[in-house]
Amino acid sequence: MLIRKVSESISKIREFTDKEVDIGLILGSGLAPIADRLENKVIIPYSEIPHFKESTAPGHEGRFIFGDLDGVPLLCMQGRLHYYEGYSMQEVTYPIRVMAKLGLKKLIITNACGGLDPNGKPGDLMLITDHINFTGSNPLIGHNEDDFGPRFPDMTRAYDPDLGALALQVAEDLDIPLSQGVYIGYSGPSFETPAEIRWMQTWGAHAVGMSTVPEVIVAVHSGLKVLGMSCITNLAAGILDEPLSSEEVIVAAGEASAKFVRLISEIINRM
Ligand code: HPA
């Protein structure tokens, strides 16, 4: 039973801290530096928590960090799990289950992704307004435990409109350009082909990446309000006549990180 596993994970976490937190933050590539700004940190490696899997992706540490950002208590996931690491969709999203049962109410999900707009450029930031699940799976497949959420959760407002409006207002106030768009989730780990990218463009997607979608589905199922924010690290395959590499993704995410951190920090301040 999922509920028993989650309770065991929470018992262990509660041996480290009894801090009550409302807001969770999944740190995508490039956002790791936000963790350096946290005060009163309690760091819990996933390896210490029963039923958690290790994060194997480059640049992903694999730990929960409780801490205060300018006085606001947060729970950060530094290092997420991806479907392409070979984990099941349920394993990938297990930490979200734990966050929800810890009592969190809001979840900020960030990622690095490829841009589908030929006029975009590496370092652009995008508010996710909706998504397309092109991973070929869904983390809710299988028995539904009603303690967690409904069998058929509504996804009409998966990305909370009020949190989205707040993000746009903060971006304007800080003079940080922030576009809005649809994120399409792909399993990876191969990057998409140019033909797939052309097809995704016709579907109305604006950014493509290998995370986020399963996490958002489980967050919505768990009743969490979601804010999704993307950092476009490259133009998607075939838009420029150049090969893609994970190194360029990490470099571009690092270069955009200062403004991304500034934006996310101020949003959290005003949440
Ligand atoms: N495709 C998929 N995932 C990504 C990309 C991309 O172009 N860039 C960063 N993550």
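Numbering of ligands and ligand atoms starts at 1, following listing order.
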Going by atom type alone, with no hydrogens or angles, which donor-acceptor pairs under 3.5 Å involve a side-chain atom of residues 162-169 and a protein atom two or more places apart or on another chain?
unit_1: Q169; atom_1: NE2; unit_2: D173; atom_2: OD1; d: 2.9

Item checked: Atom-level proximity to ligand 1, residues with heavy atom under 4.0 Å -> A112, C113, G114, F191, E192, V208, G209, M210, T233, N234, L244, V249
Next item on the list: Would you confirm whether the ring centroid of F64 sits within less than 6.0 angstrom of the ring centroid of F52?
Entry: yes
Next item on the list: Identify the two heavy atoms, one from V218 and one from L140, that lie closest to each other, and give their separation to 0.1 Å.
Entry: CG2-CD2, 4.1 Å
Next item on the list: Anything under 30° is parallel, anything over 60° is perpendicular, the rest tilted; go ahead and classify Y94 against H51.
Entry: perpendicular
Item checked: Any P50 side-chain heavy atom under 4.5 Å of K5 side chain -> no
Next item on the list: Please tell me if the side chains of L227 and I267 come closer than 4.5 Å, counting only heavy atoms from C-beta onward.
Entry: yes
